[in-house]
Colleague: 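Here's a structure for you.
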Amino acid sequence: MTEEALGEVLDDMESRPGSATSLLRTIVAIFLREMGGWISVAHLLELLDALDISDARARTAIARVKKKGLLIAETRDGGAGYRLADQAVPMLARGDRRVYNPRNMGADDRWYLISFTIPEERRAQRHQLRKRLEWIGCGLVSPALWIAPAFLADEIEEILRRVGVRDDCTTFVAERPIVTGDPRETVAAWWDLDAIRAHHDTFLRLHARDVPPPAGVTDREAFAIYIRAIDTWRIVPYIDPGLHPSLLPDDWPGSDTSRLLEDLRETYSAPATEYVGSVTGRRIDNPGRAARVRAAARIA
């Protein structure tokens, strides 16, 4: 089942962090809604140039996100540009919640179980379901049984409806699972903790050096640091479900990455916004603050 068949713009699971396409999506996610949902081609290319992305690579990345349905070509006041697709707004709203208000399980929080039976002739739907459940942080108990913190229930139900398999699934709200042996070993079998840890470690390795900021950093340089940091981070709050510390290794890096992300926001969000405003000639409110408000409203 394709994105076109689903009729929505999906969170991009395939774009490699640091690639031109991924960095472009990060710029769009952070800034475009605060700019009225439209940007000129020239200004977009200038922002990508600040990330050392050549004109040719930038245009290829733009073509890719247009094909994904994120941007739509639109001329305004005689200038060529791109507007944010209406159907992309729900995806960006989900991203706000993930990036700006990541949730973590409490000791007594409940779990959500997803059991499904999808016949072989509909294996494309089955594959799409499994891929998307994994992407939002669900763990695999058995080939047809998934588990997640119960606060992901709304996102899970949306996935079931969008993929068209709600009638093939049964969901349960449950207390803490009863397992034999060490619960941490069970959790390690349900989630690929090594893969999740690798994303945390990459974020720390690449961006811990950016705090405190280098002496004399310009707004353009701050923009590049900020976009690259958020682009590296964006995978983490999706695949990491925010399990309670009692279920994770003692040296789990989640608190370290959360602190670093907040430090990076506090250090670079304002000058990055100033740079975008200087390029586009627009006054832009702090997008991080606006996204926090949207995310808090979504949770409420």
Side-chain angles (χ1 to χ4, degrees), residues 1-17 19 21-22 24-26 28-29 61 63-72 84-99 102-103 111-174 189-196 198-199 231 234-243 298:
M1 180 170 289
T2 64
E3 293 172 25
E4 291 77 8
L6 288 169
E8 62 178 326
V9 179
L10 301 179
D11 305 290
D12 195 344
M13 296 175 256
E14 281 81 30
S15 291
R16 175 179 52 82
S19 68
T21 301
S22 183
L24 171 59
R25 288 182 67 102
T26 299
V28 168
R64 285 174 177 165
V65 299
K66 283 175 58 183
K67 186 176 180 180
K68 292 278 188 178
L70 182 62
L71 296 178
I72 297 173
L84 182 66
D86 293 341
Q87 60 267 36
V89 174
M91 179 270 291
L92 296 179
R94 289 194 300 272
D96 289 343
R97 203 277 291 164
R98 290 282 186 170
V99 172
R103 302 182 197 178
W111 298 82
Y112 209 63
L113 298 170
I114 310 99
S115 176
F116 62 87
T117 303
I118 302 174
E120 178 62 20
E121 59 267 23
R122 293 165 56 205
R123 59 183 176 273
Q125 284 177 293
R126 189 172 61 206
H127 171 72
Q128 190 67 229
L129 174 63
R130 288 172 173 167
K131 182 170 71 169
R132 298 184 70 185
L133 289 177
E134 181 180 8
W135 174 242
I136 68 164
C138 296
L140 181 62
V141 179
S142 66
L145 181 64
W146 291 73
I147 188 169
F151 55 65
L152 291 175
D154 288 346
E155 288 186 51
I156 291 167
E157 290 294 330
E158 182 181 1
I159 287 172
L160 301 184
R161 291 192 299 270
R162 291 288 190 176
V163 178
V165 297
R166 189 61 192 87
D167 291 343
D168 305 282
C169 299
T170 302
T171 55
F172 308 85
V173 177
W190 291 347
W191 279 271
D192 188 347
L193 295 183
D194 288 341
I196 298 172
H199 284 287
D231 188 64
R234 70 177 178 84
I235 301 294
V236 176
Y238 278 91
I239 65 172
D240 188 333
L243 301 177
R298 181 176 172 84

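Counting begins at 1 with the first residue of the sequence.
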Colleague: Charged N to carboxylate O under 4.0 angstrom, Glu120 versus Arg123?
Modeller: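 Looking at Glu120 and Arg123, the cut-off is met.
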
Colleague: Please name the pair of heavy atoms, one in His199 and one in Ile239, separated by the smallest distance, quoted to 0.1 Å.
Modeller: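 Closest pair (atom of His199, atom of Ile239, distance): CD2-CD1, 3.2 Å.
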
Colleague: Let me confirm one number: the CD1-CD distance from Ile72 to Gln87, rounded to the nearest 0.5 Å.
Modeller: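 It is 5.5 Å, given to the nearest 0.5 Å.
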
Colleague: Using every non-hydrogen atom in the two residues, find where Ile136 and Leu152 come nearest and quote the distance to one decimal.
Modeller: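 Smallest interatomic distance, heavy atoms only, reads O-CD1, 3.5 Å.
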
Colleague: Distance from His127 atom NE2 to Lys131 atom NZ, nearest 0.5 Å?
Modeller: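 So the NE2 of His127 and the NZ of Lys131 are separated by 4.5 Å.
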
Colleague: Between Ser19 and Arg25, is there a side-chain donor-acceptor contact under 3.5 Å, judged purely by atom types and distance?
Modeller: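 Not at all, the side chains of Arg25 and Ser19 share no donor-acceptor pair under 3.5 Å.
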
Colleague: Side-chain contact, heavy-atom cut-off 4.5 Å: Leu92 with Leu84?
Modeller: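 Yes - at least one pair of side-chain heavy atoms lies under 4.5 Å apart.
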
Colleague: Taking Arg166 for its side chain and Cys169 for its backbone only, find out whether a donor-acceptor pair lies under 3.5 Å.
Modeller: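 Yes, Arg166 side chain to Cys169 backbone: donor-acceptor pair under 3.5 Å.
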
Colleague: Could you grab the distance from atom CG of Leu113 to atom CH2 of Trp146, nearest 0.5 Å is fine?
Modeller: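 Nearest 0.5 Å value for the CG-CH2 distance: 13.0 Å.
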
Colleague: Looking at CZ of Arg161 and CG of Asp167, how far apart are the two atoms once the value is rounded to the nearest 0.5 Å?
Modeller: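 One finds 12.0 Å between CZ of Arg161 and CG of Asp167.
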
Colleague: Kindly determine whether Phe116 and Val165 satisfy side chain to side chain contact (heavy atoms under 4.5 Å, CB included), including the steps that lead there.
Modeller: CA-CA 8 Å; Phe116 62 87; Val165 297; over 6 Å; no

Colleague: Parallel, tilted or perpendicular, judged at 30° and 60°: which one describes the rings of Trp111 and Trp191?
Modeller: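 Tilted, since the angle between the ring planes falls between 30° and 60°.
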
Colleague: So which heavy atom on Gly69 is nearest to which on Ala85, and how close?
Modeller: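 So the two residues come closest at O-CB, 3.1 Å.
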
Colleague: Are the side chains of Val28 and Leu71 in touch, meaning some heavy atoms are under 4.5 Å apart?
Modeller: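 Result yes, sub-4.5 Å side-chain heavy-atom pair found.
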
Colleague: For Arg122 and Asp168, what are the C-alpha separation, side-chain angles and deciding distance, and is it a side chain to side chain contact (heavy atoms under 4.5 Å, CB included)?
Modeller: CA-CA 11 Å; Arg122 293 165 56 205; Asp168 305 282; 2.7 Å; yes

Colleague: So which heavy atom on Arg16 is nearest to which on Arg234, and how close?
Modeller: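 Looking at all heavy atoms of both residues, the shortest contact is C-NH2, 4.5 Å.
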
Colleague: Between Arg126 and Ile118, is there a donor-acceptor pair closer than 3.5 Å when you use the side chain of the first and the backbone of the second?
Modeller: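 Judged by distance alone, yes, a pair lies under 3.5 Å.
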
Colleague: Over all heavy atoms of both residues, which pair between Pro149 and Pro241 is shortest? Give the atoms and the distance, please.
Modeller: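 Looks like CG-O, 3.6 Å.
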
Colleague: What's the separation between atom NZ in Lys68 and atom CE in Met91, rounded to the nearest 0.5 Å?
Modeller: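 Reported value, rounded in 0.5 Å steps: 10.5 Å.
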
Colleague: What I'd like to find out is whether the side chain of Ile235 reaches to under 4.5 Å of the side chain of Trp135, using heavy atoms alone.
Modeller: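 Yes, close enough: below the 4.5 Å cut-off.
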
Colleague: I need the Glu155 CD to Leu133 CG distance, nearest 0.5 Å.
Modeller: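 Nearest 0.5 Å value for the CD-CG distance: 11.0 Å.
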
Colleague: Between Arg130 (side chain only) and Pro143 (backbone N and O only), is there a donor and an acceptor less than 3.5 Å apart?
Modeller: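 Side chain of Arg130 to backbone of Pro143, a donor-acceptor pair under 3.5 Å: yes, one is there.
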
Colleague: Would a 4.5 Å heavy-atom cut-off, applied to side chains only, mark Ile114 and Thr171 as touching?
Modeller: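 SC-SC contact between Ile114 and Thr171 confirmed.
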
Colleague: Heavy-atom count check: over 12 atoms from other residues, nucleotides or ligands less than 6.0 Å from Asp192 CG?
Modeller: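 Counting other residues, nucleotides and ligands, CG of Asp192 exceeds 12 neighbours.
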
Colleague: Between Ser115 and Phe172, what is the shortest heavy-atom contact and its length?
Modeller: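 Scanning both residues completely, I find the closest heavy atoms to be CB-CE1, 4.3 Å.
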
Colleague: Give a yes or no on whether Glu157 atom CD has more than 12 heavy-atom contacts from other residues, nucleotides or ligands under 6.0 Å away.
Modeller: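 Result for CD/Glu157: enclosed.
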
Colleague: Taking the side chain as everything from C-beta on, heavy atoms only, tell me whether Tyr112 gets closer than 4.5 Å to Val173.
Modeller: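 Tyr112 reaches Val173 side chain to side chain.
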
